[in-house]
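Here's the structure we're looking at; comments come further down.
By convention in this document, chain letters (A, B, ...) are assigned in the order of the sequence lines, proteins followed by strands, and residues within each chain are numbered from 1. Because only heavy atoms are used, hydrogens play no part in the values below, and waters and symmetry mates are left out as well, while side chains stay in. Source: prediction; values computed, not measured.
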Number of protein chains: 2
Amino acid sequence: MTNNLKVERAIHNMTQADLALKIGVSRQSINAMEKNKYVPSTVLALKVAKLFNKPVEDIFFLEETD
Amino acid sequence: MTNNLKVERAIHNMTQADLALKIGVSRQSINAMEKNKYVPSTVLALKVAKLFNKPVEDIFFLEETD
DNA sequence: TCTATATGTAAAGTATTCTTTACTTTTGAT
DNA sequence: ATCAAAAGTAAAGAATACTTTACATATAGA
């Protein structure tokens with residue numbers, strides 16, 4: 001899975017720390033997520049999507065390997 | 001978080017085992033998911049949504065406590 | 001009623017998410 | 001060039017997702 005987090009943050013002019021705070025995870029979790037170090041939970045995905053006002057599918061993308 | 005899995009399965013006339021197979025998890029995972037025993041990963045949510053042809057938000061729902 | 005299929009549940013184990021602390025590197029502004 | 005903010009990374013630990021095996025219960029049709 002990949003994601004658009006970095007772009008969305010840029011659009012909304014937010015730092016990783018900002019986003020982390022809003023969503024309720026650590027900054028490192030956001031960083032790792034952006035770097036595709038792990039797959040976040042559906043709750044996190046829904047929160048991010050809600051925050052950025054976009055469907056989950058516009059932010060998180062399945063890959064062949066998933 | 002809650003979800004619509006049971007309804008979607010009914011619409012598509014699928015058993016828990018069918019769904020599990022299609023998505024690539026164990027039947028018990030589907031059962032537990034339906035019973036809100038845990039929060040699935042975003043990959044699972046995306047796969048389910050794709051299978052049922054609906055946005056993730058139409059199948060998985062945030063709650064106050066999330 | 002008998003039988004097959006579907007669902008529910010439990011427990012132990014493995015894998016992965018996410019946290020905390022802490023340090024390094026990058027980037028951008030002055 | 002310097003400094004501060006932002007981003008990257010690492011490692012150890014806690015919490016939780018997910019598997020496997022196994023058995024119990026429910027549901028529906030012959």
Spacing of Lys47(A) atom NZ and Thr42(A) atom OG1 [to the nearest 0.5 Å]: 12.5 Å
Distance in Å, Asn13(A) CG paired with Glu8(A) CD, rounded so as to fall on 0.5 Å steps: 13.0 Å
Glu57(A) and Glu57(B): CA distance, side-chain angles, deciding distance, side-chain contact (heavy atoms from CB on, under 4.5 Å) verdict: CA-CA 9 Å; Glu57(A) 281 88 345; Glu57(B) 281 89 346; 4.0 Å; yes
Residue pair Met14(A), Lys22(A): steps toward the side-chain contact (heavy atoms from CB on, under 4.5 Å) verdict: CA-CA 10 Å; Met14(A) 298 176 75; Lys22(A) 288 239 178 192; 3.9 Å; yes
Axis bend over the full length of the helix from dT1(C)-dA30(D) to dT30(C)-dA1(D), computed from five pairs that close each end, to 10 degrees: 50°
Reported NZ-to-CD distance for the pair Lys6(B) and Gln16(B), which is rounded to 0.5 angstrom: 8.0 Å
Contact letters for nucleotides 24-30 of chain C, in which S counts primed atoms plus P, OP1 and OP2 and B counts the base, heavy atoms under 4.0 Å: -------
Minimum heavy-atom distance between Pro55(A) and Ala49(A), given as atom pair plus value: C-CB, 4.1 Å
Sequence neighbours excluded and cut-off under 3.5 Å, please list the side-chain donor-acceptor pairs for residues 59-66 of chain B, or say none.
| residue | atom | partner | partner atom | Å |
| --- | --- | --- | --- | --- |
| Glu63(B) | OE1 | Met1(B) | N | 2.9 |
| Asp66(B) | OD1 | Met1(B) | N | 3.1 |
| Asp66(B) | OD2 | Met1(B) | N | 2.9 |
| Asp66(B) | OD2 | Glu63(B) | N | 2.7 |

Ser29(A) OG to Leu44(A) CG distance, which is reported to the nearest 0.5 Å: 7.5 Å
Base versus backbone protein contacts along nucleotides 7-19 of chain C [heavy-atom cut-off under 4.0 Å; B, S, -]: BBBB------SSB
Spacing of Asn31(B) atom CG and Glu34(B) atom CD [to the nearest 0.5 Å]: 6.5 Å
Working for side-chain contact (heavy atoms from CB on, under 4.5 Å), residues Phe52(B) and Leu5(B): CA-CA 10 Å; Phe52(B) 290 148; Leu5(B) 274 188; 4.1 Å; yes
Range on DNA chain D touched by chain B, heavy atoms, distance below 4.0 Å: dA17(D) to dA22(D)
Minimum heavy-atom distance Ala45(A)-Val56(A), with the two atoms named: O-CG2, 4.0 Å
DNA chain C contacts made by residues 46-57 of chain A, counting heavy atoms under 4.0 Å: none
Euclidean distance, Leu21(A) CG relative to Ile30(A) CD1, rounded to 0.5 Å: 10.0 Å
Taking every non-hydrogen atom, the tightest pair across Asn36(A) and Thr2(A): OD1-CA, 3.5 Å
Verify same cluster id: Tyr38(B), Leu46(A) (apolar side-chain graph, 4.5 Å): yes
